[in-house]
Asker: 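Let me give you the structure first, and then I'll get to my questions.
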Number of protein chains: 2
Amino acid sequence: MARMSDADSASASVSDPESDCRGCADPAAAFAAHDHRHCAGDVLARAEALVAAGGVRLTPVRRRVLEILLEEHRALGAYDVLKRLAAEGFGNQPPVAYRALDFLAENGFVHRIRRLNAFAACMHPGEDHAPVFLICRNCNAVAEMPAAPVRAALGAAAADLGFAVERTTVEAMGLCPACCKSEAAP
Amino acid sequence: MARMSDADSASASVSDPESDCRGCADPAAAFAAHDHRHCAGDVLARAEALVAAGGVRLTPVRRRVLEILLEEHRALGAYDVLKRLAAEGFGNQPPVAYRALDFLAENGFVHRIRRLNAFAACMHPGEDHAPVFLICRNCNAVAEMPAAPVRAALGAAAADLGFAVERTTVEAMGLCPACCKSEAAP
DNA sequence: TCTATGTATGTAATATAATAACATGTCAAG
DNA sequence: CTTGACATGTTATTATATTACATACATAGA
Ligand SMILES: [Zn+2]
Ligand SMILES: [Zn+2]
Ligand SMILES: [Zn+2]
Ligand SMILES: [Zn+2]
């Protein structure tokens, strides 16, 4: 897939859903305006391919939870997800939501944002990653950022102490580009 | 958790409490056996100096909460802290613990470990820092590690996306040196 | 086909974590 | 002494998450 400049992806993806916009999967465009239905459909398709290959099942509840998180395009609490499920005829007890979310998280389709006690759809399922999350304190947008440099720094420093890192939680609270501007000129 | 009581008894023979051991404040020694009463007393003294200079008050509850976290030498939940406070005659309702913990966290004397929904005493109060936490999944020991390299990598990558980082949560789950060994040879 | 088995879902009950709202106490400045 | 700021105590409620058990569903042998 050809990668577009920031300007292009911002404008083209809004006007032309059929373009090869990488949308949320592209860190540089994660905070930019774009047609998110495109990203969502793409991610969902990839998820289905992955579960087929992996021998696990994307059952109706699980699939619907993933869809909900993709549609919302932000982090949702387990009980928010549960409310929607219940409204659609699924069970209305916490384990229904938590089990689906846990399954999706274990299989890399959603991430847990500890700072928010919430869950967000992963925008690059299959690409094994322990991403960094950028959370805008103003508009609550959440974006995934490549974690390689951060993880390298972390792992190296920990190894010096003899500590073996297995999993990491890296979350940054701050202001997204849009909110940065609006705060500078209110 | 049993780990540090072992360490405490062992450290008396290993190191001299009156030496200038940096104990937990030294990342390289954070997981090593040492006389932790030394670190605790030192940190508490520094905390008192800092509040005096800062115009805030280290009241009995607040001081006791800090002591408890220093004595325990691991992350404690707010309700664990509360139980101890109640047993000592302080209030026994959640806000008592949360208020003290919030105060201590705001003033840099304790850190919140989001992964554990818990709080741990800071081992270098006053030194403004947003540390990295290393959490042993086996013995629950928690150590602070310098975050400079990690934060640099994080801030740079975020800046490329136009995101202004204000606060970070960086926590690594894994095995501490001691548990690494015991897991290798069970 | 029919059952056995594992897995997924539904539900009730409970545990754990955090906050809101308001009353009371403490202490120093005026 | 009064006042105002801050700290603590208490009640109640909300939010988040898990345990335990019952039921449904798939699907692999017999
Ligand atoms: Zn998107
Ligand atoms: Zn924003
Ligand atoms: Zn120590
Ligand atoms: Zn350990």
Side-chain angles (χ1 to χ4, degrees), chain A residues 47-48 51-52 54-69 74-107 109-120 140 169 171, chain B residues 47-48 51-52 54-69 74-107 109-120 135 140 169 171 173:
Chain A
E48 302 213 303
V51 292
V56 291
R57 290 191 295 152
L58 193 62
T59 60
V61 210
R62 293 168 177 175
R63 190 194 153 102
R64 188 64 195 123
V65 169
L66 181 52
E67 285 174 0
I68 288 169
L69 288 176
R74 64 190 173 99
L76 288 184
Y79 280 72
D80 293 326
V81 171
L82 179 58
K83 255 179 240 136
R84 284 164 222 241
L85 289 178
E88 297 176 23
F90 294 98
N92 70 341
Q93 299 302 315
V96 173
Y98 280 104
R99 281 195 288 235
L101 289 166
D102 287 348
F103 168 88
L104 293 168
E106 261 159 34
N107 289 275
F109 301 127
V110 316
H111 296 292
R112 188 169 199 152
I113 317 285
R114 309 219 74 121
R115 186 124 196 166
L116 304 175
N117 290 327
F119 301 81
N140 285 118
T169 301
E171 300 169 3
Chain B
E48 302 213 304
V51 293
V56 292
R57 290 193 293 154
L58 193 61
T59 60
V61 210
R62 292 167 177 175
R63 190 194 153 103
R64 189 64 196 122
V65 169
L66 181 52
E67 285 174 358
I68 288 169
L69 288 176
R74 63 189 172 101
L76 287 184
Y79 282 72
D80 293 326
V81 171
L82 179 59
K83 256 179 241 137
R84 282 163 224 241
L85 289 178
E88 297 175 24
F90 294 97
N92 70 340
Q93 298 304 314
V96 173
Y98 279 104
R99 280 195 289 236
L101 288 167
D102 287 348
F103 168 89
L104 292 169
E106 261 158 34
N107 289 275
F109 301 127
V110 316
H111 296 292
R112 188 169 198 151
I113 316 284
R114 309 218 74 119
R115 185 125 197 164
L116 304 176
N117 291 326
F119 300 81
I135 309 163
N140 286 117
T169 300
E171 300 169 2
M173 206 64 154

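Quick caveat: nothing in here was measured; it's all calculated off a predicted structure. Within every chain, numbering begins at 1; the chains are lettered A, B, ... in the order of the sequence lines, protein sequences first and strands thereafter.
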Asker: Rounded to whole Å, how long is the line connecting atom CG of L76(B) with atom P of dT16(C)?
Answerer: 15 Å
Asker: Taking salt bridge (Lys or Arg N to Asp or Glu O under 4.0 Å) as the definition, give me every residue that meets it alongside D80(A), ordered by chain and number, with sequence neighbours left out.
Answerer: K83(A)
Asker: Rounded to whole angstrom units, what separation is found between the CZ atom of R112(B) and the P atom of dA17(C)?
Answerer: 11 Å
Asker: For residues 110-120 of chain A, dump all side-chain donor-acceptor pairs below 3.5 Å to protein atoms at least two apart in sequence or in another chain.
Answerer:
{"from": "H111(A)", "atom 1": "NE2", "to": "H129(A)", "atom 2": "NE2", "distance (Å)": "3.1"}
{"from": "R115(A)", "atom 1": "NH1", "to": "T169(B)", "atom 2": "OG1", "distance (Å)": "2.5"}

Asker: Hey, what do you get for CZ (R74(B)) to CD1 (I135(B)), rounding to the nearest 0.5 Å?
Answerer: 13.5 Å
Asker: What's the CG-C1' distance between L116(B) and dT16(D), to the nearest Å?
Answerer: 16 Å
Asker: Would you please name every residue forming a side-chain hydrogen bond (donor to acceptor under 3.5 Å, both in side chains) with R63(A), sequence neighbours left out?
Answerer: E48(A), E67(A)
Asker: Using a cutoff of under 3.5 Å, can you pull out all pairs of nitrogen or oxygen atoms linking the protein to nucleotides 25-30 of chain C, with atom names and distances?
Answerer:
none

Asker: Let me know the distance between CD of Q93(A) and P of dA15(C), rounded to the nearest Å.
Answerer: 16 Å
Asker: Roughly how far, to the nearest 0.5 Å, is the CG atom of L66(A) from the CG atom of L58(A)?
Answerer: 6.5 Å
Asker: Calculate the interatomic distance between R99(B) atom CZ and dA20(C) atom C1'; express it in whole Å.
Answerer: 11 Å
Asker: Could you tell me which residues satisfy side-chain hydrogen bond (donor to acceptor under 3.5 Å, both in side chains) with E88(B), sequence neighbours excluded, listed by chain and number?
Answerer: R64(B)
Asker: Just call it for R114(A): base, sugar-phosphate, or nothing, with non-hydrogen atoms closer than 4.0 Å on any strand.
Answerer: nothing
Asker: Rounded at 0.5 Å granularity, tell me how far CZ in R99(A) sits from CZ in R62(A).
Answerer: 9.5 Å
Asker: Rounded to whole angstrom units, what separation is found between the CG atom of L101(B) and the P atom of dT8(D)?
Answerer: 12 Å
Asker: What is the distance from CG of N92(B) to C1' of dT8(D), rounded to the nearest Å?
Answerer: 13 Å
Asker: For a quick test of reading the model: is some side-chain N or O of R62(B) closer than 4.0 Å to OP1 or OP2 of dA7(D)?
Answerer: yes
Asker: I want to confirm an ordering. Mapping V96(B) and N117(B) to their closest nucleotides on DNA chain D, which one lands closer to the 5' end?
Answerer: V96(B)
Asker: Take the protein atom OH of Y98(B) and the nucleotide atom P of dA17(C), then report the distance between them rounded to whole Å.
Answerer: 7 Å
Asker: Quick one: CG on N92(B) to CG on L85(B), what's the gap to the nearest 0.5 Å?
Answerer: 10.0 Å
Asker: Mind running a 4.0 Å heavy-atom check of residues 77-88 of chain A against DNA chain C and sending the residues that fall below it, in number order?
Answerer: none
Asker: Take P95(B) and D102(A), find for each the nucleotide of DNA chain D with the closest heavy atom, and name the residue whose nucleotide sits nearer the 5' end.
Answerer: P95(B)
Asker: Do the ring planes of Y79(A) and Y98(A) sit parallel (below 30°), tilted (30 to 60°) or perpendicular (above 60°)?
Answerer: perpendicular
